[in-house]
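Worksheet for the structure shown next.
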Amino acid sequence: PANRYLARGPRVRLTGEQVRDQALVVSNLLSKKMYGRPVMPYQPQGVWQVVYSGSKWNQSVGEDAYRRAIYTYIRRSSPYPSMLTFDGSTRDVCLARRIRTNTPLQALVTLNDSAFVDVAQHFARRMQHEGGKTVASQLQKGYEWMTGHVLPKSKQEVFEKLYQEALMRFQKNPKKREDWMCNSTAEAAALAFVANTMLNMDEFITKE
């Protein structure tokens, strides 16, 4: 009755910055570096088309590519696209409160944006190295890192089936495997494919 355990808190989708940072955290990529100049993480080519100056997007490398989203360089006439899709501010006006939406474009970002595919690859490597020797234990550990909960049996069956389907596809067509995990095995690529799906889970991008 006193809401002692915050059981009645609103269930809302995380902000665009939080979605990116949380994905970096679970894949052990998030930089702990504080302060300093803004950075330019990956964004698709052609987003910046400046006709009145020589400005261009110089993609950051190394640790700077994985700094917290708050350090991302924002240009008002061309905001960072993935955050904008998740209702990030364009910074041209002050906002007292952000509007939250749920659109198919947001799922396309977390599934197809190259920055999230890169995160999924690192997340898969972490599951392989720290999650145990079997795919089942790796998926269980990955889900625990993501949500703090035990992976339900029903979802584990779905993930394992997805893994087996991806594995068969990559074994038959090595070129498709390269898109997910270059110079690696079909097993690693299949796990990265599943990791990418896990990063798109509703319980991962939503505050319960």
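Throughout, residue positions are numbered sequentially from 1 according to the sequence presented.
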**Message:** Between the side chains of Asp202 and Arg11, is the shortest nitrogen-to-carboxylate-oxygen separation below 4.0 Å, so that they form an ion pair?
**Reply:** yes
**Request:** Scan residues 189-208 for pairs that pass ring-ring contact (aromatic ring centres under 6.0 Å, His included), counting only residues two or more places apart or in two chains.
**Result:** Trp180-Phe193
**Prompt:** Can you get from Leu199 to Leu30 by hopping between Ile, Leu, Val, Met, Phe, Trp and Tyr side chains that sit under 4.5 Å apart?
**Reply:** yes
**Item:** ring-ring contact (aromatic ring centres under 6.0 Å, His included) partners for Phe86, two or more places apart
**Value:** none
**Complete:** Scanning both residues in full, the closest heavy-atom pair of Arg125 with Met181 reads NH2-SD, 3.3 Å
**Single-linkage hydrophobic cluster Val150~Met146, side-chain heavy atoms < 4.5 angstrom** = no
**Asked** Tell me the ring-ring contact (aromatic ring centres under 6.0 Å, His included) pairs involving residues 19-43, sequence neighbours left out?
**Response** none
**Request:** Measure the spacing between CE of Met198 and CG of Leu139 and express it to the nearest 0.5 Å.
**Result:** 6.0 Å
**Request:** Quick one: list whatever passes side-chain contact (heavy atoms from CB on, under 4.5 Å) with Gln171, sequence neighbours left out.
**Result:** Leu167, Ala186, Glu187
**Face-on cation placement of Arg67 at Tyr71 ring, 6.0 Å and 45° thresholds** = yes
**Message:** Is there a path of hydrophobic side-chain contacts, each under 4.5 Å between heavy atoms, that joins Val158 and Val194?
**Reply:** no
**Gln140 versus Glu144, side-chain donor and acceptor atoms under 3.5 Å** = no
**Request:** Would you kindly confirm whether Met201 and Tyr163 end up in one hydrophobic cluster when ILVMFWY residues are joined by side chain heavy atoms under 4.5 Å apart?
**Result:** yes
**Prompt:** Is a side-chain donor-acceptor pair under 3.5 Å present for Ser114 with Gln43?
**Reply:** no
**Message:** So, taking the atom named OG in Ser89 and the one named CG in Leu95, what distance separates them when rounded to the nearest 0.5 Å?
**Reply:** 4.5 Å
**Message:** Looking only at side-chain N and O atoms, does Ser31 offer a donor or acceptor that is under 3.5 Å from a partner on Glu63?
**Reply:** yes
**Message:** Could you see if Val39 belongs to whatever hydrophobic cluster contains Leu24? Use Ile, Leu, Val, Met, Phe, Trp, Tyr and a side-chain cutoff under 4.5 Å.
**Reply:** no
**Fill in**
Here the pair of heavy atoms bringing Pro41 nearest to Ser60 is N-OG, 4.4 Å
**Asked** Between the side chains of Asn28 and Tyr66, does any donor sit under 3.5 Å from an acceptor?
**Response** no
**Message:** Salt bridge check, Arg98 against Glu17: does any charged N sit closer than 4.0 Å to a carboxylate O?
**Reply:** yes
**Fill in**
Contacts of Ser27 meeting side chain to side chain donor-acceptor pair (under 3.5 Å) (sequence neighbours excluded), chain-then-number -> none
**Asked** Going by atom types alone, do Thr134 and Ser137 pair a side-chain donor with an acceptor below 3.5 Å?
**Response** yes
**Prompt:** To which residues is Leu105 joined in a hydrophobic cluster, defined by side-chain heavy-atom contacts under 4.5 Å among Ile, Leu, Val, Met, Phe, Trp and Tyr, whether direct or through other members?
**Reply:** Leu108
**Prompt:** Measuring from Leu14:CG to Gln22:CD, what's the distance to the nearest 0.5 Å?
**Reply:** 5.5 Å
**Message:** Gln106 vs Thr101, test: side chain to side chain donor-acceptor pair (under 3.5 Å). Steps then yes/no.
**Reply:** CA-CA 9 Å; Gln106 293 164 357; Thr101 64; 3.3 Å; yes
**Message:** Check this for me: does any side-chain nitrogen of one of Arg13 and Asp87 sit under 4.0 Å from a carboxylate oxygen of the other?
**Reply:** yes
**Prompt:** Do Arg37 and Asp64 sit within salt-bridge range, that is, some charged N less than 4.0 Å from a carboxylate O?
**Reply:** no
